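In the text below, chain A, chain B and the rest are named by the order of the sequence lines, each starting its count at 1. Predicted model only: the values in this text are computed from it and were never measured.
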There are 2 protein chains.
Amino acid sequence: MKKEETTEHQILDAAKDVFQSKGMDGARMQEIADKAGINKAMLHYYYRSKQLLFEAVFKNAFSLLAPQLNSILNDDSSIEEKIRNFTNDYTTFMMKHPYLPNFIINELNRNEDFILKLKDNTGFPNLEKFRAKVDAEISQGNLKPIDADQLFVNILALNIFPFLGKPLVKVLTKKDEKAYKAFTESRKTEVANFIINSIKQS
Amino acid sequence: MKKEETTEHQILDAAKDVFQSKGMDGARMQEIADKAGINKAMLHYYYRSKQLLFEAVFKNAFSLLAPQLNSILNDDSSIEEKIRNFTNDYTTFMMKHPYLPNFIINELNRNEDFILKLKDNTGFPNLEKFRAKVDAEISQGNLKPIDADQLFVNILALNIFPFLGKPLVKVLTKKDEKAYKAFTESRKTEVANFIINSIKQS
DNA sequence: AATAGGTTTAACCAAATGGTTAACAAATGT
DNA sequence: ACATTTGTTAACCATTTGGTTAAACCTATT
């Protein structure tokens with residue numbers, strides 16, 4: 001039997017669906033069980049409680065996000081390349097997992113301490129290398145002076161917000177689903193250009 | 001008796017607290033009643049149901065946000081001034097209402113149709129004037145070519161994200177509460193400079 | 001002082017919810 | 001073949017939750 005067919009994995013899969021679309025508080029154990037096609041008691045057999053099942057889903061979700069961040073933080077390319085690659089890759093990735101950003105952001109807001117549990121994991125994103133690279137390129141006269149943390153948050157903001165704020169932005173800009181998808185698609189390059197325009201020393 | 005002291009208003013006030021920090025699903029009617037210092041039956045006496053009380057809170061919250069957006073969309077100043085003013089004013093405002101962005105964004109994600117109820121209200125933000133102004137300044141050679149909607153989303157993203165992603169960014173950048181506040185404070189000008197650097201025709 | 005109106009409360013209710021139990025089935029090992 | 005462990009289910013349970021009710025409590029008007 002393949003790993004994806006085990007009951008345990010089917011539960012996690014169904015739980016992912018329900019938790020990510022309804023949040024911890026809105027999710028119902030019964031709905032997860034129904035979606036997984038099994039009895040509700042099985043959820044507790046494999047994951048003991050709603051809280052633990054939720055944490056399994058959350059860690060799983062975060063483990064998808066972390067490598068995306070690490071790619072911009074830890075590789076050896078120039079800042080400009082990092083930004084172009086990240087903007088393209090992250091947007092591509094999020095178009096496949098559109099509910100993931102809001103899930104993570106919202107649950108972290110609901111329970112600030114929760115992120116501390118993840119912090120110590122190996123692979124948790126670390127900014128040191130990125131900061132050093134930004135400062136180095138500024139010294140070389142390649143970039144205009146900017147605080148590396150501010151730049152990092154700007155990059156995150158421009159890439160993540162269109163997914164977080166989709167319902168709001170869709171209505172404000174009066175785009176339908178198709179137009180919004182095209183809008184997001186074009187941001188793969190637009191956002192990188194926007195950032196690089198701002199920081200590149202000319 | 002002042003308006004703020006009426007039972008109805010005390011309920012709305014308590015409901016705002018609870019809904020904005022715990023969301024629709026996590027909020028408990030009993031907690032709202034306790035916080036308002038009244039009997040739970042009063043909630044239903046004045047607002048009939050949890051759903052209607054929630055909608056009252058949500059509309060109230062949105063009516064605080066909308067004027068912030070309208071200020072950048074509808075005044076007659078240059079794009080550069082708009083951006084500088086908005087970035088400063090919005091950040092100042094959000095530092096006073098830090099849970100508001102996540103509340104609105106998250107509830108809209110949880111229920112996409114909900115925004116349609118607000119759409120028809122007078123005062124609902126409209127982008128037409130902003131788009132025209134951006135296009136005009138591009139024609140005048142004042143700004144580099146950029147799609148007005150993309151610019152608008154960039155402005156929103158850079159200003160709102162630090163509040164949405166605070167728990168994540170705090171840990172990633174290893175800032176404590178005080179340092180994060182200073183970080184946010186400095187964005188009042190940093191963000192405007194970042195945007196204008198990118199779009200201003202030199 | 002009696003009346004009538006809105007306001008407030010304690011007690012109650014039905015439904016939903018996370019979780020448990022005990023019996024049963026299916027593998028697994030000997 | 002038998003026993004033991006693992007997986008699965010239906011039925012059940014205690015608690016929580018949004019919501020209701022009927023009576024009590026003002027407060028202003030007559």
Look at the side chain of A:Ala41 and decide which nucleotide, out of C:dT20, C:dT8, D:dT17, has an atom nearest to it.
C:dT20
Distance check: side-chain N/O of A:Tyr45 vs OP1/OP2 of D:dT9, anything under 4.0 Å?
no
Under 4.0 Å between any heavy atoms, over every strand shown, what does B:Tyr47 touch: base, sugar-phosphate, or nothing? Just pick one.
nothing
Quick note, B:Tyr46 side chain, CB onward, closest among D:dG19, C:dT7, C:dG18 is C:dT7
Classify the nucleic acid contact of B:Ala33 as base, sugar-phosphate or nothing, counting any heavy atom under 4.0 Å across all strands shown.
nothing
What about B:Lys40, does its side chain sit under 3.5 Å from the base of D:dG19 through a donor-acceptor pair?
yes
Which nucleotide in the set C:dT20, D:dG19, C:dT9 lies at the smallest distance from any side-chain heavy atom of B:Asn39?
C:dT9
Presence of B:Arg28 side-chain N/O under 4.0 Å of D:dG18 phosphate oxygens OP1/OP2:
yes
Donor-acceptor contact present, side-chain A:Tyr47 to main-chain A:Glu8, <3.5 Å:
yes
Have A:Asn154 and A:Gln150 got a donor and an acceptor in their side chains that come within less than 3.5 Å?
no
Can you tell me if A:Ser49 touches the phosphate of C:dG18, counting only side-chain N or O atoms and a distance under 4.0 Å to OP1 or OP2?
no
Indicate yes or no for a side-chain donor-acceptor contact from A:Lys50 to the backbone of A:Ala27 under 3.5 Å, with no hydrogens or angles considered.
yes
For the pair B:Lys129 (side chain) and B:Leu73 (backbone), establish whether a donor and an acceptor sit closer than 3.5 Å, ignoring hydrogens and angles.
no
For B:Met29, which contact category applies under a 4.0 Å heavy-atom criterion: base, sugar-phosphate, or nothing?
sugar-phosphate
